[in-house]
Amino acid sequence: MQVSHWLPCFSQDTVKQHDLSVDPRNGKISSFRCPIIPQNLPSVIPSDCTTKMSQDLENQPLLATRSGRSIGSQSRPPHKIVTIQRQRHHGRTWCRMAAFSAIGLTVVAIFNAMFWPRSSLSRDISWFRGNKLPSAEIERLILESPEPDRIREHSKYYTSDPHLAGRNFQQVEYTKAKLEEYGFNVKIETYPVYINYPLEHRLALLEEGSDDAIAFEATLEEDILEEDPTTGIANRVPTFHGYSASGNVTAEIVYANYGTHEDYLNLVAKGVSVEGKIVLVRYGKIFRGLKVKGAQDLGAIGVIMYSDLADDGEVTVENGYAAYPDGPARNPSAVQRGSVQYMSLCPGDPTTPGYASKPDSPRTDPYECVPRIPSLPVSWKEAQPFLKALEGNGLGAPDMGDDWSGASKYNYSTGPSVAKVNLYNLQNTTISPIWNVIAELPGHTKSSEIIIGNHHDAWIAGGAGDPNSGSAALLELARTFYVLKQQGWKPLRSIVLASWDGEEYGLLGSTEWAEDYADTLKKRVIAYLNVDVAVAGHSLEASGSPLLERLFRATLGKLHTPEGDSLIENWKKSSQKAILYPPGSGSDFTVFQCHLGVPTLDFGFGPNKTDAVYHYHSNYDSFHWMDNYVSDSWEYHSLVVKILGLMTVQLADDPVMDLRVSEYARSVRYYIENIKKMVPKEWLNEKTSSIAANFHKIEKTIGEFKGKAGKFDGLMESYSRRLNHDYPWYRSWHKILLYFHIAQANQKVKYIERSFTREEGLDNGRGWFKHIIFAPGYWTGYSGIPFPGLVEAIDANDIETTEKWQEIVLEKLEKIIDCLD
Ligand SMILES: [Zn+2]
């Protein structure tokens with residue numbers, strides 16, 4: 001075995017001491033390797049080198065000394081020195097080359113060993129999926145790319161013509177063309193649906209004692225405004241209710257306040273009957289279809305709905321604000337159109353509940369989901385003669401309660417009126433195609449995707465707020481992703497942009513599509529982000545699954561309003577503690593959250609106390625109104641694009657799915673604490689009832705859920721950190737292990753929301769709603785009532801059903817705890 005004394009030579013000493021290989025058995029030189037020989041070496045060096053070479057050549061025993069003399073060889077013949085000196089020049093060149101090469105190779109080898117094979121799992125995945133854009137650059141581009149002027153142009157296009165569901169193909173094609181231009185794979189998905197379009201209507205107050213003499217006839221028209229061109233468009237959409245029944249009814253009227261379940265119970269309790277009458281209700285508090293259902297259930301034959309100025313807050317003419325178009329207050333002729341479908345019972349096509357509406361689909365009786373009685377909406381202005389007709393008849397507002405009256409000078413008597421009212425409504429009810437535009441940006445992996453949706457249909461020519469502030473933002477989001485793609489970005493997971501049709505009638509497009517692809521979507525979708533009214537004011541409002549709360553908050557933390565305020569602080573003003581409201585219904589997230597069990601988020605900027613009154617579903621939700629009273633810079637629209645962009649990319653690109661469970665445990669505990677307060681005290685003391693014991697078990701299990709959720713989130717966070725650790729090549733197996741751990745954790749978190757669904761769905765004819773925590777309240781329609789099965793059973797004073805739901809809740813929580821292990 002040779003002992004090499006080779007070491008890098010950096011000094012004269014080391015040259016002398018370490019440039020030989022010596023056989024330790026006999027002390028003979030076995031080889032010679034000369035390292036760097038600097039140009040300015042003193043004259044003694046060549047002789048040393050020569051000496052060594054001569055010794056090597058002669059293969060004599062040698063121990064080199066510092067002075068260059070060797071032990072055992074005190075003298076040498078002069079001719080040998082001459083010969084060797086002649087070779088010295090070539091030797092030096094060779095040495096130099098060899099030395100440089102060796103050192104170079106060594107440096108490269110060390111560098112490679114230290115750096116080149118050293119990479120993080122995050123970088124490996126990015127490389128493997130073909131992404132060339134670092135995450136910091138992606139974020140920068142998302143923040144810088146959205147252009148308010150482009151959003152304004154899209155908005156102008158969408159709001160220039162009527163675009164009722166199924167009558168908007170031009171806009172569908174525009175959306176498709178734009179998404180294709182931005183590099184998406186786009187298709188139009190068509191569903192034939194049961195739908196109605198207005199033909200004729202009339203609303204007249206008759207003279208007292210007469211069945212035909214007219215005292216007042218409503219125009220049922222909104223004023224045409226010179227300043228606002230789309231209010232006078234020739235083919236403007238009449239004022240009507242989607243899914244209203246056709247009918248011609250004449251009867252006295254009864255005022256029923258907001259037409260909530262409580263309002264009808266109040267009337268019944270005080271002996272005011274609506275049977276055979278036409279009910280007058282004001283908009284607000286609950287979904288309009290449930291106002292009609294409440295009236296119909298009590299025997300009413302028609303419903304009139306109006307907007308009361310009392311519900312406009314501070315921005316009223318009475319408080320000194322001018323009415324639109326001269327100011328931000330409500331134009332008194334504004335009419336809110338809208339659907340009267342029973343959204344809390346069966347969203348989607350009323351004739352195909354629970355399955356997709358296709359040409360050959362069987363169709364059922366729609367009247368489980370829509371009213372049999374006609375209804376019409378009217379303006380504040382045209383509601384006054386009807387309120388006047390009620391005055392002094394029946395019970396007065398003070399008899400009915402504190403919130404019974406509104407802003408009218410007439411006194412909100414319950415009626416019935418003496419004079420009759422004629423309500424005539426003729427609808428063309430038909431089967432018509434509606435069109436969803438589905439655009440995909442394929443990710444590296446096809447097994448997971450994120451969907452961002454907005455609907456494109458509106459009740460009017462405008463719709464600058466609802467829904468086209470969202471539609472314009474969606475197109476700019478698509479362009480932002482296109483910019484990223486141009487720079488070399490490729491998402492890890494697929495991104496789907498959906499532009500739904502028929503939302504306004506009852507979430508038709510999203511529901512039919514999701515029912516059509518339910519199995520695939522349940523496997524693939526990790527989150528659905530919804531934007532409907534993206535901008536109608538300056539106050540951020542949001543509802544959604546607690547799984548997305550942390551990400552939403554983190555995203556807002558990176559952004560500011562155009563005025564420079566923190567977006568989190570803005571959100572706190574509407575949600576107090578900056579937490580997501582429980583999702584209910586009223587937009588396209590419903591089928592994903594409540595039917596499929598996909599975590600969803602729905603957000604937008606609504607009016608704050610001093611913002612212009614939002615003319616919801618009226619001709620005055622127009623481009624002119626948006627441009628002059630809400631968003632002259634269009635920066636809020638741009639902010640929506642940034643929120644969606646940042647969240648989507650995080651969900652699509654982060655190898656550790658950005659869904660966190662702790663917020664879920666906290667929310668569930670909060671909901672159950674509140675529900676417990678609703679339970680009659682005697683139930684908790686009842687010896688034969690297990691309700692108190694069940695609540696105790698539920699609370700204990702929630703505690704366990706909270707603990708497991710915290711641990712699970714901690715694990716996810718540690719995976720996130722380790723993703724960015726650089727590992728040398730010889731520790732690659734750490735990365736492989738980490739990869740599999742992440743895949744396993746992702747698989748768990750992806751299906752947490754699904755675990756809260758129940759095949760049988762809710763009680764009371766709400767089998768379509770399969771999520772046991774999130775659904776709209778039966779009698780609210782819009783707002784979410786957490787744990788609806790439990791709440792409805794308690795409301796109904798039904799101990800047995802309450803116990804049943806307690807057991808369901810317990811079983812689901814235990815299953816999720818097992819899943820988190
Ligand atoms: Zn909408």
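Both counts, for ligands and for their atoms, begin at 1 and track the order of listing.
- Taking the charged nitrogens against the carboxylate oxygens, Arg479 and Glu147 do have a contact shorter than 4.0 Å, which makes a salt bridge.
- Distances under 2.8 Å from the Zn ion (ligand 1) pick out the protein N/O/S atoms His455 NE2, Asp466 OD1, Asp532 OD1, Asp532 OD2.
- Each of Asn530, Asn454, Asp466 was evaluated against Ser587; a single residue qualifies, Asn530, per the side-chain hydrogen bond (donor to acceptor under 3.5 Å, both in side chains) test.
- Looking at Arg152 and Asp627, a side-chain N of the basic residue comes within less than 4.0 Å of a carboxylate O on the acidic one, giving a salt bridge.
- When Tyr324, Tyr620, Trp625 are each tested for a side-chain hydrogen bond (donor to acceptor under 3.5 Å, both in side chains) with Asp228, only one passes: Tyr324.
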- Would Trp459 and Tyr505 count as a ring-ring contact (aromatic ring centres under 6.0 Å, His included) if you check the C-alpha gap in whole Å, the side-chain angles of each, and the deciding distance to 0.1 Å? CA-CA 9 Å; Trp459 288 117; Tyr505 277 85; 4.9 Å; yes
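- Residue pairs meeting the salt bridge (Lys or Arg N to Asp or Glu O under 4.0 Å) criterion with at least one partner in residues 304-316, sequence neighbours excluded, are Arg282-Asp311, Asp312-Arg330.
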